[in-house]
> 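I'd like to ask some things about the structure below.
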Amino acid sequence: MNDTIIQMEDIIKRFYIGEPNELEILHGISLTVKKGEFISIVGASGSGKSTLMNLIGALDRPTLGHYTLDGTVVEEADDHELSSIRNRKVGFVFQNFNLIPRTNALKNVELPMMYAGVPMRERTARAKELLAMVGMQDRFTHQPNELSGGQKQRCAIARAMANDPAILLADEPTGALDSKTGRMVMDIFHKLNKEQGKTIVLITHNRELSAETGRILHMRDGYLSEDREVVA
């Protein structure tokens, strides 16, 4: 049985292709992530980590190279298939939460399941279960403007888990939070990884957070290198 979730081989990403100012951001990236891994990708602003994140999350396609995400060949997928991949295989957690305003926590968590065609009763039950899992069982009816930063991020994590994705892709998930709240969010990720075996890719510039993960990879000037394996 193949336990590889992410398989990237010689990924190149260029912008303005064929124009005089053509720009190559990623220079032959190769990355393998196994089911149940918790890895971090660390890099300064401009290193290419955001571009790599967009490719991992099927928000964009590589210019050259091969990418398989949980058995699906991403570069061969059309726009509709890419949308389905994002909805079903990737759970996104962003620094700025990206919750829908004027929509309560329960409905925010239900949204990915609605797009996936999950029946209303089933998606409401799962949304309640997921919010309870992240300690938000008393906030079902609260809108984002009624939640603290930590509560917003917990709601975002519950939403990311809605369709039981193959991977959780977390982009600076503690960047807008104080250290105590950020600790709580990281504890949730560890719990999901250890208790549910969820594969997590953490994009961060924070070396302390990256040190908590099983593997640390560094983006520098469009190249990816592995730092070390962290012994749990």
Side-chain angles (χ1 to χ4, degrees), residues 3-6 31-42 53 56-58 69-71 85-99 105-106 108-113 115-116 118 122-140 147-177 179-204 206 208-217 229-232:
D3 64 348
T4 299
I5 287 278
I6 292 172
L31 171 64
T32 300
V33 179
K34 303 288 188 183
K35 286 181 182 176
E37 277 200 277
F38 189 172
I39 74 163
S40 54
I41 298 174
V42 183
M53 185 206 76
I56 292 173
L69 172 59
D70 195 30
I85 290 168
R86 288 192 297 270
N87 184 248
R88 294 173 181 275
K89 291 187 180 291
V90 186
F92 293 95
V93 182
F94 297 102
Q95 178 176 338
N96 59 354
F97 321 124
N98 283 15
L99 298 175
L106 196 63
N108 263 285
V109 176
E110 283 186 44
L111 198 61
M113 292 183 278
Y115 287 138
V118 176
E122 185 181 332
R123 67 178 185 249
T124 299
R126 177 156 173 79
K128 288 179 177 179
E129 178 186 308
L130 289 167
L131 283 167
M133 181 189 70
V134 296
M136 291 281 288
Q137 60 270 19
D138 57 346
R139 294 287 188 272
F140 289 165
L147 300 175
S148 68
Q151 289 168 341
K152 288 176 185 175
Q153 196 58 297
R154 281 188 278 164
C155 182
I157 293 169
R159 181 187 57 187
M161 289 288 292
N163 288 326
D164 193 22
I167 64 168
L168 281 181
L169 186 56
D171 182 21
E172 301 284 5
T174 65
L177 306 174
S179 58
K180 182 180 177 182
T181 309
R183 174 71 268 150
M184 177 186 64
V185 166
M186 283 300 291
D187 287 345
I188 292 172
F189 283 128
H190 284 297
K191 183 178 179 180
L192 290 171
N193 176 246
K194 289 177 180 173
E195 294 183 7
Q196 298 191 25
K198 191 58 63 179
T199 307
I200 302 175
V201 178
L202 173 70
I203 313 290
T204 185
N206 187 317
E208 288 183 18
L209 293 186
S210 69
E212 298 183 22
T213 67
R215 277 198 294 152
I216 303 172
L217 299 108
E229 184 161 337
V230 179
V231 179

> Can you give me the closest heavy-atom contact between Phe92 and Ala160, atom names plus distance?
O-CB, 3.5 Å

> Roughly how far, to the nearest 0.5 Å, is the CD atom of Glu172 from the CG atom of Asn206?
7.5 Å

> Could you walk me through whether Leu192 and Ile157 satisfy the side chain to side chain contact (heavy atoms under 4.5 Å, CB included) test, starting with their C-alpha distance in whole Å, then the side-chain angles of each, then the deciding distance to 0.1 Å, before giving a yes or no?
CA-CA 10 Å; Leu192 290 171; Ile157 293 169; 3.8 Å; yes

> Could you tell me the separation between the SG atom of Cys155 and the CG atom of Leu106, rounded to the nearest 0.5 Å?
9.0 Å

> Can you measure from CZ (Arg159) to CE (Met113) and round to the nearest 0.5 angstrom?
11.5 Å

> Applying side-chain contact (heavy atoms from CB on, under 4.5 Å) between Val201 and each of Asp171, Leu169, Thr213, report the one that passes.
Leu169

> Do Arg183 and Lys180 have side chains that approach each other closer than 4.5 Å (heavy atoms only, starting at C-beta)?
no

> Check the surroundings of atom CD in Glu208: do more than 12 heavy atoms from other residues, nucleotides or ligands lie under 6.0 Å from it?
no

> Are any non-hydrogen side-chain atoms of Ile41 and Ile56 less than 4.5 angstrom apart?
yes

> So if I apply the side-chain contact (heavy atoms from CB on, under 4.5 Å) rule between Met161 and each of Leu168, Val93, Val134, which one comes out positive?
Leu168

> Quick check against the 3.5 Å criterion: does Arg123 have a side-chain atom that pairs as donor or acceptor with the backbone of Glu110?
no

> Calculate, to the nearest 0.5 Å, the distance between atoms CD and NZ belonging to Gln196 and Lys191 respectively.
8.5 Å

> Looking at CZ of Arg139 and CD of Gln137, how far apart are the two atoms once the value is rounded to the nearest 0.5 Å?
9.5 Å

> Which heavy atom of Ser210 sits nearest a heavy atom of Val42, and at what distance?
CB-CG2, 3.4 Å

> How far apart are the C-alpha atoms of Ile5 and Leu69, what are their side-chain angles, what is the distance that settles it, and do they pass the side chain to side chain contact (heavy atoms under 4.5 Å, CB included) test?
CA-CA 6 Å; Ile5 287 278; Leu69 172 59; 4.2 Å; yes

> Specify the closest pair of heavy atoms between Val109 and Ala162, including all atoms of both residues, with the distance to one decimal.
O-CB, 3.6 Å

> Taking all non-hydrogen atoms of both residues into account, name the closest pair between Ile85 and Ala58 and its distance.
CG2-CB, 3.9 Å

> Return the minimal non-hydrogen interatomic distance between Asp70 and Ala166, and the atom names on each side.
OD2-CB, 3.6 Å

> Under 3.5 Å, is there a donor-acceptor pair between the side chain of Glu129 and the main chain of Thr124?
no

> Do you know the tightest heavy-atom contact between Gly150 and Thr181?
CA-CG2, 3.2 Å

> Taking Gln153 for the side chain and Pro173 for the main chain, is one N or O donor matched with an acceptor at less than 3.5 Å?
yes

> Side chains of Val33 and Ile167: does their closest heavy-atom pair fall under 4.5 Å?
no

> Mark yes when over 12 heavy atoms from residues, nucleotides or ligands other than Lys34 sit less than 6.0 Å from its NZ; otherwise mark no.
yes

> Within a strict 4.5 Å, meaning less than it, do heavy atoms of the Leu147 and Arg154 side chains meet?
no

> With sequence neighbours excluded, tell me which residues meet salt bridge (Lys or Arg N to Asp or Glu O under 4.0 Å) with Arg86.
none

> With a sphere of 6.0 Å drawn around OH of Tyr115, does it hold more than 12 non-hydrogen atoms of other residues, nucleotides or ligands?
no

> Rounded to the nearest 0.5 Å, what separates atom CD1 in Ile39 from atom CD1 in Ile203?
7.5 Å

> May I ask you to decide if Gln151's main-chain N or O and Ser148's side chain share a donor-acceptor pair within less than 3.5 Å?
yes

> Heavy-atom distance under 4.5 Å between the side chains of Phe38 and His190, does that happen here?
yes

